[in-house]
Amino acid sequence: MDAPFRPGASTVFRQCAALPRPGWLNSPTIQGIMAYDHKQIEAEWQRRWKEQGTFRTGNDPARPKYYVLDMFPYPSGAGLHVGHPLGYIASDIVARYKRHCGFNVLHPMGYDSFGLPAEQYAIQTGQHPAKTTEENAARYRAQLDRIGFSFDWDREVRTSDPAFYKWTQWIFLQLFNSWYDPRADKARPIAELVARFERQGCQGQDADVLTGDTEEFIGPFTADEWKGFDERTKQMVLQRFRLAYLSEAWVNWCPALGTVLANDEVKDGVSERGGHPVERKRMPQWSLRITAYAQRLLDGLEGLDWPEALKETQRNWIGKSTGASVRFPVGDDFIEVFTTRPDTLFGVSFITLAPEHVLVAKFTTHDRRTEVEAYVKRATNRSERERQADVDRISGVFTGSYAKHPFTGADIPVWVGDYVLGGYGTGAVMAVPGGDQRDWRFAKHFGLPIIAVTEGADVGKEADERKDATICSEGFLKGLQVPQAITRAIEELEKIGAGEGKVNFRLRDATFGRQRYWGEPIPIYYKDDIPYPLPESELPLKLPEVDKFLPTETGEPPLARAKNWTYEGYPLETTTMPGWAGSSWYFLRYMDPKNEGRFASPEAIDYWGQVDLYIGGSEHSTGHLLYFRFWTKFLHDLGLLPFDEPAKKLVNQGMIQGISMMAKVQASTKDGEEHYLVLPPDSKGEGIFERNYLVDHVLLREGKHWINEDGAAKTREVPAFRGFHLSGPSIELKPVVEKMSKSKYNVVNPDDIIAKYGADTLRLYEMFLGPLEQSKPWDTHGIEGTFRFLKKFWNLFHGPEDAFNVTDETPTKAELKTLHATLKKVTEDIPKMSFNTSVAQFMIAVNELHALRCNKRAVLEPLTIALAPFAPHIAEELWRRMGHAESISTAPWPQWEQRHLEEDSFTYPISFNGKMRLQLELPLTLDAKAMEAAVLANPEVQQRLEGKTPKKVVVVPKRIVNIVV
RNA sequence: GCCCGGGUGGUGGAAUGGUAGACACGAGGGACUUAAAAUCCCUUGGUCCGCAAGGGCCGUGCGGGUUCAAGUCCCGCCCCGGGCACCA
């Protein structure tokens, strides 16, 4: 009260708002207003939240639940950069918002702490991966804490913790002890399959049982034969049905990493991590039968609120195609092929087998043997990358055998060609050069006959792959349209027993064993080389100590180095699980993280249910997110989960890119030392190359980026920049947007931002940058805007000398309008995840309230609650200063009211032929007719009409008036 | 090649078919200051006419179309990003 000019107290002030402020207001004493001390406030509230357990979450069946989950991080040695928290900030806003709305919110965090980098580091330094993992996790935790997340850390999980991986191993055992029943379309205990074999045997590969399509054919056997099998044979047969199984299979072997990789871990023929070459190799291998779930994984996408692009990626990856299976007899054997175009059967002029095809050797005639064997050897030794690299080179060899066409009985030559993939379908194709470009090129290359299958095709030039054509090849399909011909061909195939309609998937079973140390041990032991599951009582099977984290001299995985790596004298499995094992079910453990008797109690699972909102990067589309769904469906089949999809809604946050500063650099050697001269970006000449400059020490001047001697000196402290000198007093640098990466010197550390501006500013700025889903560059300069906003917000509550000053006066209509417009916008934006527009609205509100000199509790209190999810520390502090003892997180969400937004007049844009020409304020009480009259009566409108009568006047109440002349 | 996204000022971006460019950065000008920082005020899509007040024209990747009205809807292209790809 001692300050006569405190904001909001003077009507004179309000009227003067638009005028320049008198100079004395800017005097140093009044400058004391600037006392928003983010450092002190944030440290204080982070301490309180921790001490008071503000965000500890109980299982409370009386309250509605909401489960917001982030994809947990792999704690790498590099720590977090500003891109990492983007999704966490978004999920934290939703979590906090939902708490205000009365939900019991589960918002946990943990670490995906098994993985390659810790092990690579261990190999180099001899440090145990558990130690580096622990250190890295602690560092992550400290960084995350500084951002002020409302995670319930009491529920933290780590996949490398034995108490956690005990249950990963337990789920593995359930997979091992299950088979997939295609009739019931679900997983069932393997014991039921055994009982069935004892009862009725097995018809081999039929519709009643499902085997993986990467395995060899299983011959039929009777119940009596089954009973007569020895233990070994029985177990070998059962392996072909288990959902976790050991088989001899083609795998992606990465020599550099010394391990096998799943398909999603290989990109363009090199490993996703590290970019090392990948070979195809045949070896015994643990796999998970995800293919059994292909159709359900595809169908399940329908009901999910996931990004369309991501669902499409999964659909592509699953790769369903519908067609027919056709058998071509060869002597007393046959070749089975899969085709999507059985309508082109009369155009088949040869058959091609993949080099890996099991029947190649059998069908090769004596005189062709040498040539075929040489070809097969050459083809299978080529790495995936080599194979993909020269797709254009055509190679193949004739086996010397002929197959019989099922309809015409004609002899069809059997070839081997590496354009046919061993891993897809049956590894054999019926070649129709007239209808398939790949077959066409092969035929052309080897001079094989090309038969036209469709009317209007010019097969001399290329194959005709149209699906809206008419069949013209001789036979009963002639004259039919393609779709009808497909149906008809399948009918005929089924009639003569030469084939049937079939669905094929591109999805492969997932290789599950890794020849590495730092992963979950697979709970299996071997008796007479037959794998047996470890009893549950033996779990967790803890990782043993080893002398080195390297393979043994004989090439066995690191676990083979462990002493006594046995169970009751029998050797234990030495491969470990892949990185994605723990992340396939971790969301369940958060529900009941300390449970020692189960992976989670049924009560906890029933209460928390599906994840309501899952946020993470789109790079997990075909890996994690597919396994995550697969395991959920499997546990559902066993009756352990009431739902069969893990996450209802999923959002992919975009990447925050870094801005690299490019300079032209010229290298020279002087006194045996290297020197680099930094040149302006337009420099040209010999020996000049581009180089990223360290971003931190670059200046912004007149919208351009510069480096001067001062910045260069600081940069020189970084070893990579030693020996750098500027060619002038300051050099302009060229900004380039790229992925944030240490090697590009464009990484921005959130700790630095927080130290300077505070966590609330960081949170607001990351949200303000643009739509969450979009990738966008980080520009530290822009952060000033959100920082200023928070200072202005703070100043609404404070008078001179930082004296807290909020009144209980009744707010004006204008103030209430600002408040309610903001509440409305923010309440509508949060569920849409449109946080950038929310922040913009808060800025508008503060600008308006500032101009109105509003410091009224009735306005500022609800506004503070609305801001709390975004900027929780400043909100807590102001809330406390407004006299509240409880955390603001307990305050109910303020509701907006329409009545405060309503006006009695509206300023209409008046347009002529769609072009806005003037504005006219009209009362909202007028109806369309009265409005038209009022508009036309306006002198300015009259003047523009120049006496003409308008053709038409369009009046849209509360929107626009358009006059057509 | 196929399938998804997406092209708006100097920059990040905003716009239920209804005033394009909210909000912010940057830039320019000004106030305060010995000065700087901080803060505050004004201007800021391009262009043309005008001393000014003001006004005209162009403008959301390109070309058409629907509509009183199109960044938004439809058709045809171009470019950028992502996914799949010798998948039969």
Side-chain angles (χ1 to χ4, degrees), chain A residues 17-28 30-31 33-34 307-317 319 321 323 337-341 344 352 387-388 391-392 394 417-421 423-426 428-432 435-439 441-442 465 504-506 618-619 621-622 700-704 735 765 768-771 773-786 788-789 791-792 795 834 836-837 839-844 847 850 907-919 950-956 958-965:
Chain A
L19 300 171
R21 297 174 69 178
W24 53 261
L25 232 184
N26 297 303
S27 71
I30 309 288
Q31 292 300 299
I33 290 173
M34 291 317 309
E308 200 41 55
L310 191 150
K311 291 208 254 181
E312 199 56 34
T313 300
Q314 291 212 343
R315 285 187 200 109
N316 279 342
W317 189 261
S321 40
V337 303
F338 172 73
T339 178
T340 56
R341 296 291 302 274
T344 63
T352 315
R387 202 161 153 164
Q388 281 180 13
V391 158
D392 289 333
I394 297 160
D418 71 355
Y419 80 97
V420 177
L421 303 175
Y424 182 75
T426 59
V429 299
M430 57 176 225
V432 183
D436 184 292
Q437 191 59 27
R438 294 158 301 183
D439 297 339
R441 294 200 322 155
F442 195 83
E465 299 188 340
N504 222 338
F505 293 95
R506 201 187 70 91
S618 57
E619 66 273 20
S621 303
T622 51
L700 187 70
R701 204 164 67 210
E702 285 156 21
K704 290 176 176 164
Y765 186 56
F768 185 63
L769 232 35
E773 307 80 18
Q774 227 167 76
S775 288
K776 53 243 159 184
W778 174 273
D779 175 13
T780 300
H781 294 109
I783 204 169
E784 295 285 350
T786 46
R788 270 176 217 145
F789 157 74
K791 287 190 282 191
K792 277 194 207 169
N795 288 347
S834 180
N836 56 328
T837 52
V839 177
Q841 181 60 40
F842 281 122
M843 290 175 169
I844 293 169
N847 289 344
H850 185 82
T907 307
Y908 283 90
I910 310 297
S911 55
F912 288 75
N913 294 333
K915 287 184 183 181
M916 210 278 284
R917 281 295 116 101
L918 59 119
Q919 294 192 332
K951 269 200 214 131
K952 191 176 175 185
V953 180
V954 181
V955 175
V956 186
K958 273 206 98 174
R959 286 254 175 263
I960 201 167
V961 176
N962 190 17
I963 299 166
V964 186
V965 280

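In the text below, chain A, chain B and the rest are named by the order of the sequence lines, each starting its count at 1. Nothing here was measured: the structure is a model prediction, and the numbers come from that model.
Among the nucleotides B:C84, B:G18, B:A24, the one closest to any side-chain atom of A:W317 is B:C84. Side-chain atoms of A:T339 lie closest to B:A88 of the nucleotides B:A88, B:C68, B:U19. In this structure, of B:C86, B:A15, B:C68, it is B:A15 that holds the atom nearest to the side chain of A:T837. Which of B:G12, B:U19, B:A88 sits closest to the side chain of A:V429 comes down to B:A88. Comparing B:U19, B:A14, B:C23 by their nearest atom to the side chain of A:A840 picks out B:C23. With B:G83, B:A20, B:C3 as the candidates, the nucleotide lying closest to the side chain of A:E312 is B:C3. Comparing B:G13, B:A22, B:G83 against the side chain of A:I844 picks out B:A22 as the nearest. Comparing atom distances between the A:N962 side chain and each of B:A69, B:G12, B:U39 picks out B:A69 as nearest. For A:F768, counting side-chain heavy atoms from C-beta on, the closest listed nucleotide (B:G12, B:A22, B:A88) is B:G12.
Of the side-chain N and O atoms in A:K952, one or more sit less than 4.0 angstrom from OP1 or OP2 of B:C68. Distances shown here put a side-chain N or O of A:R506 below 4.0 Å from the OP1 or OP2 atom of B:A85. Contact annotation: A:K791 side-chain N/O to B:A38 OP1/OP2 distance is not under 4.0 Å. An OP1 or OP2 oxygen of B:G82 is reached within less than 4.0 angstrom by no side-chain nitrogen or oxygen of A:N316. Side-chain nitrogen and oxygen atoms of A:Q774 include none within less than 4.0 Å of the OP1 or OP2 phosphate oxygen of B:G6.
Across all strands shown, A:T786 has no heavy atoms under 4.0 Å from either base or sugar-phosphate atoms. A:V964 comes within 4.0 angstrom of the backbone, heavy atoms only, and of no base. When heavy atoms are screened at a 4.0 angstrom cut-off, A:P307 is found touching no nucleic acid atom at all. Using a 4.0 Å heavy-atom criterion, one finds that A:N847 contacts the sugar-phosphate atoms exclusively. Within the 4.0 angstrom heavy-atom criterion, no nucleotide atom of any strand lies near A:Q437. Backbone-only engagement by A:K915 is indicated by non-hydrogen atom pairs under 4.0 Å involving sugar-phosphate atoms exclusively. Using a 4.0 Å heavy-atom distance criterion, A:R788 is classed as a sugar-phosphate-only contact.
The partner of B:U39 is B:A31, by the rule that a Watson-Crick or G-U pair needs both atom distances under 3.5 Å. With a cut-off of 3.5 Å on both pairing distances, the Watson-Crick or G-U wobble partner of B:G45 is B:C58.
The C1' atoms of B:U44 and B:A38 are separated by 23 Å, rounded to the nearest whole Å. With both ends at atom C1', the span from B:G18 to B:U72 equals 11 Å, rounded to whole Å.
Under the 3.5 Å distance criterion, the side-chain polar atoms of A:N504 are left unmatched by any main-chain donor or acceptor of A:S321. Panel note: side chain A:E465, backbone A:Q437; a donor-acceptor pair is recorded below 3.5 Å. At least one donor-acceptor pair closer than 3.5 Å links the side chain of A:Y908 to the backbone N or O of A:K958. A:K776 places a side-chain N or O within donor-acceptor distance of the main-chain N or O of A:P771, the cut-off being under 3.5 Å.
Between the CZ atom of A:R917 and the P atom of B:C68 there is a distance of 19 Å, given to the nearest Å. Between the CD atom of A:E784 and the C1' atom of B:U11 there is a distance of 16 Å, given to the nearest Å. The CG-P distance, from A:D418 to B:A88, rounds to 18 Å in whole Å. Taking atom CG on A:L918 and atom C1' on B:A53, their separation rounds to 17 Å, with Å as the unit. Remark: P of B:C40 and NE2 of A:H850 are 6 Å apart, rounded to the nearest angstrom. Summarising the geometry, the separation between CD1 on A:I960 and P on B:G18 is reported as 9 Å, rounded to the nearest angstrom. With rounding to whole Å, A:E308 atom CD is found 17 Å from B:G83 atom P.
Under the 30°/60° scheme for interplanar angles, the aromatic rings of A:W778 and A:Y765 are found to stand perpendicular.
The residues A:K791 and A:E784 are annotated as not salt-bridged, no charged nitrogen and carboxylate oxygen being separated by less than 4.0 angstrom.
B:G9 shows a glycosidic angle within 90° of 0 and is accordingly assigned syn.
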